[in-house]
Amino acid sequence: MRGVSYLLAIPLCIGLSVANAEVLLTEDEIAQTLSHGPWPPDFGVDPSNKVSGNRDAIKLGEAFFADPILSKNREMSCQSCHDPATGFSDALPRAVGKKILDRNTPSLMNLRSHRWFGWAGGSDNIWAQSIAPILHEDEMGHDRDSLKKAISASSYKSAYDDLFGPIAQHESNEVLVNISKALAAYQETLVTGQTSFDRFRNALEAGDTEAASEYSASAQRGLQLFLGRGNCAFCHSGPAFTNGEFHDAGVPYFITETRVDEGRYGGLKALKQSPYTLAGEFSDDPDKSGAWAVNQVRFQHSDFGTFRVPGLRGALHSAPYMHNGSLSDLAAVVDHYDMINMERLHVDGEAILQPLGLSEREKEDLVTFLESLSDDGS
Ligand code: HEC
Ligand code: HEC
């Protein structure tokens, strides 16, 4: 493998008729590139969710997801905000429920690659994160009893009974949790496909220079910036391009002039109060695996105003960007990092971010690379 990497490190020109036919990466960059795959990994089933991977649950969850029955006034479904046509997001800066909410609607692709959910990580599992919008008064506005009543009187009753047992015998809170677990089973299946970046990465791994050289020179230069001078891979690491943790990327955290988004600090408060964590009684995992994370969280001042590092696969389809949707496209994100305002970085230890001083061509290269993480047509 070392020998092959060395060979790949030498720019190869394969005939003038083939545009950009060369591999520009050094051996070290190739090794780093391999760490961003293979994709998709085998996520397995979620042990905290007894219906994870269950085909009937996935089908039921998919139907629930699109059905306004999950809102009390029957005007809003999950899909109203998480629209499959726009990367399971809504193309708006901030979500609109009964009023404009505080944050951007994130895409729901590749959820299993995360450990924490929501921009501030207020949940440590997908089903808990699915409970929140059903009960939120500015979103779907159900209470537990109204939800149980609606489902009991609907055509979903028999599918629910078959999957979970007779709804009539279930406490309304159990009904809420079960519906959320069916929703989670469906959402787990939303995984982005292989992209031109993956074909490049896999070709490098296989030592297939010819296949690797199909990846444009611009995307390769962008990847080099991403791994090197841009320091992007410090946070956007691994196959899903996120380290799954919380950082300050220099995005203002004021919602209005007087109100701030506490970010991870608020997420930790929500987590500590939630009965629906991996450590709690609603997790179906007898070993309570993953509970250590929620059990060990400590409040730190440096959590204030930090947000979860988003994965970058499929990002092209879920503009606008950042927790407040303040950046309209990928070029704007690159400009943001290029001219990052150091005074906005309020957290110790984010010294990794510095203004980059990129040329126009370098900015285009970085955008081309980011786009290559989304070109699977999904
Ligand atoms: C009014 C718009 C709206 C509706 C309706 C809505 N969501 Fe969301 N969703 C959001 C927003 C905004 C966030 C980010 C929340 C946060 O960070 O606090 C989010 C976050 C999520 C996440 C976390 C994603 C991640 O990357 O961590 C999941 C999962 C989710 N929603 C599932 C659902 C499900 C299931 C439904 C239906 C029961 C639903 N949502 C209904 C706007 C909405
Ligand atoms: C210190 C960690 C860190 C570094 C370094 C970093 N990012 Fe980020 N990135 C984040 C965080 C955190 C967010 C979300 C910030 C927010 O919403 O306030 C983010 C958001 C993004 C988004 C928006 C994704 C979405 O779905 O909204 C893109 C695209 C992105 N980063 C690309 C990059 C690029 C390109 C670089 C290198 C120039 C980079 N990042 C460097 C942490 C980082």
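Atoms within each ligand, like the ligands themselves, are counted from 1 in listed order. The first residue in the sequence is number 1, and the count goes up from there. On a predicted model such as this, the values are computed, not experimentally measured, just so you know.
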Close approach of Ser77 to ligand 1, heavy atoms, under 4.0 angstrom: yes
Nearest-option assignment for atom 30 (C) of ligand 2, heavy atoms, candidates His236, Arg103, His247: His236
Ile352, portion touching ligand 2 at heavy-atom distance under 4.0 Å: side chain
Under 4.0 Å to a heavy atom of Phe117 - the qualifying atoms of ligand 1, by number: 27 (O)
Heavy atom of the protein closest to atom 32 (C) of ligand 1 (residue, atom name, distance): Gln187 OE1, 3.3 Å
Under-4.0 Å heavy-atom contact with ligand 2, by part of Phe234 that carries it: neither
Main-chain N/O of Thr306 paired with His323 side-chain donor or acceptor, under 3.5 Å: no
2.8 Å cut-off (strict), protein N, O or S atoms about atom 8 (Fe) of ligand 1: 1
Taking atom 26 (O) of ligand 1 as the reference point, the nearest protein heavy atom with its distance: Arg308 NH2, 2.8 Å
Per atom 28 (C) of ligand 2, closest listed option by heavy atom (Asn324, Asp338, Val333): Val333
Metal site atom 8 (Fe) of ligand 2: N/O/S of Cys232 inside 2.8 Å: no
Non-hydrogen atom of Val96 closer than 4.0 Å to ligand 1: yes
Location of contacts on Trp119 toward ligand 2, heavy atoms closer than 4.0 Å: side chain
Nearest candidate to atom 27 (O) of ligand 2, where distance is taken over non-hydrogen atoms, out of Glu245, His323, Met322: Met322
Geometric cation-pi criterion Arg201 and Trp39, 6.0 Å radius, 45° cone: no
Residue part near ligand 2, for Asn104, under 4.0 Å between non-hydrogen atoms: neither
Side-chain donor-acceptor contact under 3.5 Å, Ser113 with Asn110: no
Thr368 side chain to Ser218 side chain, donor-acceptor N/O pair below 3.5 angstrom: yes
Heavy-atom nearest neighbour of atom 3 (C) of ligand 2 within options Gly250, Cys235, Ala120, Ser89: Cys235
